[in-house]
Asker: 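Before I ask anything, let me first share the structure, which is written out below as structure tokens.
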Number of protein chains: 2
Amino acid sequence: MNTDKLFEALSEPNRRSILEYLRVQDRSVGELVELSSLSQPGVSKHLRILREAGLVTVRSDAQKRLYSLNAKPLEQLDDWLGPYRRFWSSKLDDLERFLNEDEP
Amino acid sequence: MNTDKLFEALSEPNRRSILEYLRVQDRSVGELVELSSLSQPGVSKHLRILREAGLVTVRSDAQKRLYSLNAKPLEQLDDWLGPYRRFWSSKLDDLERFLNEDEP
DNA sequence: TTATTATATTACCCTTTGGTTATATAAATG
DNA sequence: CATTTATATAACCAAAGGGTAATATAATAA
């Protein structure tokens, strides 16, 4: 899945909220509408973007559509963070200092 | 620093590129212009947004302005990912299965 | 089959975004 | 001080984004 689309999908606060609701349990569109402060089409539009980013999956249950979190793509985000980790980990900063200890 | 602003800043591919350039070494605006495919004002605008998200810092060197990466805010992203990790870590998935082994 | 329920799409609106060119500002240099 | 160099801001524009009401679709229920 595309990294650009992933970041794009995550850039919207309402979409991140939806992911957090789905982290707790699967939800129908109607439930997500109640949980959010959005209209039904609003929620559906966000769900579409999340689906296209691979962050959620749907299955049908009678007339309802149940959405589930699919966190797999977030692993990409974790990977993206990888090279930046050393910059905020103070322990590694110490290690760096140690490795560069040649200078006076 | 604000989480919304952080995600927003990271949602733009050119801005993520700039961060990667700065991960290697500090850069003047002019250098970033050459590295990117953007106009000088274009780069300056992105740098402003990165600055406001706390992801870069500036210092002056003669007429130049040298930008540095500040990865600290990315720790927030790492934290945000926290609760999602268990969803993609297959090892933990195995642990979950084990913990739920009561069911036939 | 018709009506009801649940969701997706369409059509619109307004605001924001990302890009550019032109211009202002700031520092160094002749 | 005038000029050059380097960057930031302003002004502007087209496109995208996010929101809603209205409408289409899909599945169940009467």
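Please read these numbers as outputs of a predicted model, since none were measured by experiment. All values below come from the heavy atoms of this structure, side chains included, with hydrogens, waters and symmetry mates left out.
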Asker: Tell me whether the guanidinium CZ or amine NZ of B:Arg23 lies under 6.0 angstrom from the six-membered ring centre of A:Phe87 and within 45° of its axis.
Answerer: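 Ring-cation test returns no.
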
Asker: Expressed as a whole number of angstroms, how long is the span from B:Arg65:CZ to C:dT25:P?
Answerer: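 Rounding to the nearest Å, CZ of B:Arg65 and P of C:dT25 are 15 Å apart.
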
Asker: Tell me whether the OP1 or OP2 atom of D:dA8 has a side-chain N or O from B:Arg48 closer than 4.0 Å.
Answerer: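 It does not, given that no N or O in the side chain of B:Arg48 lies less than 4.0 Å from OP1 or OP2 of D:dA8.
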
Asker: Applying side chain to side chain contact (heavy atoms under 4.5 Å, CB included) to B:Trp88 and A:Glu75, what does each step give before you reach the verdict?
Answerer: CA-CA 7 Å; B:Trp88 76 69; A:Glu75 204 170 358; 3.3 Å; yes

Asker: Within the 4.0 Å limit for protein heavy atoms, which parts of nucleotides 17-24 of chain D are touched? Write it as a string from 5' to 3', B for base, S for sugar-phosphate only, - for none.
Answerer: SBBBBB--

Asker: D:dA8 P sits how many Å from B:Leu66 CG, rounded?
Answerer: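 Between P of D:dA8 and CG of B:Leu66: 11 Å.
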
Asker: For nucleotides 27-30 of chain C, give me every protein contact, N/O to N/O, under 3.5 Å, one pair per line with atom names.
Answerer:
none

Asker: In residues 18-36 of chain B, what residues come within less than 4.0 Å of DNA chain D, judged by heavy atoms?
Answerer: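 Here the set is B:Ser28, B:Val29, B:Gly30.
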
Asker: C:dG18 P sits how many Å from B:Leu47 CG, rounded?
Answerer: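 Rounding to the nearest Å, CG of B:Leu47 and P of C:dG18 are 14 Å apart.
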
Asker: Starting at CZ of A:Arg27, measure out to OG of A:Ser36 and round the result to the nearest 0.5 Å.
Answerer: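 Those atoms lie 11.5 Å apart.
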
Asker: Is a side-chain N or O of A:Arg15 found less than 3.5 angstrom from the main chain of A:His46, in a donor-acceptor match?
Answerer: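 Judged by distance alone, no pair lies under 3.5 Å.
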
Asker: May I ask you to check whether over 12 heavy atoms, not counting those of B:Glu34, lie within 6.0 Å of atom CD?
Answerer: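 Count not over threshold, so no.
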
Asker: Are a donor atom and an acceptor atom from the side chains of B:Ser68 and B:Arg59 found within less than 3.5 Å of each other?
Answerer: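 Side chains of B:Ser68 and B:Arg59: pair found under 3.5 Å.
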
Asker: Has B:Tyr21 got a side-chain atom pairing as donor or acceptor with B:Leu35's backbone, closer than 3.5 angstrom?
Answerer: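 Side chain of B:Tyr21 to backbone of B:Leu35, a donor-acceptor pair under 3.5 Å: yes, one is there.
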
Asker: Salt bridge check: are A:Arg48 and A:Glu52 linked by an N-O gap of less than 4.0 Å?
Answerer: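 Salt bridge between A:Arg48 and A:Glu52, a charged N being under 4.0 Å from a carboxylate O: yes.
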
Asker: Is the shortest distance from a Lys or Arg side-chain nitrogen in A:Asp78 or A:Arg85 to a carboxylate oxygen in the other one below 4.0 Å?
Answerer: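 Yes, charged N to carboxylate O under 4.0 Å.
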
Asker: Test side chain to side chain contact (heavy atoms under 4.5 Å, CB included) on B:Leu55 and B:Leu74 and set out the steps.
Answerer: CA-CA 8 Å; B:Leu55 287 164; B:Leu74 293 179; 3.8 Å; yes

Asker: OP1 or OP2 of C:dA8 versus the side-chain N and O atoms of A:Tyr67: is any pair under 4.0 Å?
Answerer: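 Yes, such a contact exists.
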
Asker: Distance check needed: D:dA8 P versus B:Arg59 CZ, whole Å only.
Answerer: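 Whole-Å distance recorded here is 14 Å.
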
Asker: Would you please test B:Thr57 and B:Arg51 for side chain to side chain contact (heavy atoms under 4.5 Å, CB included) and show each step?
Answerer: CA-CA 6 Å; B:Thr57 57; B:Arg51 243 186 300 131; over 6 Å; no

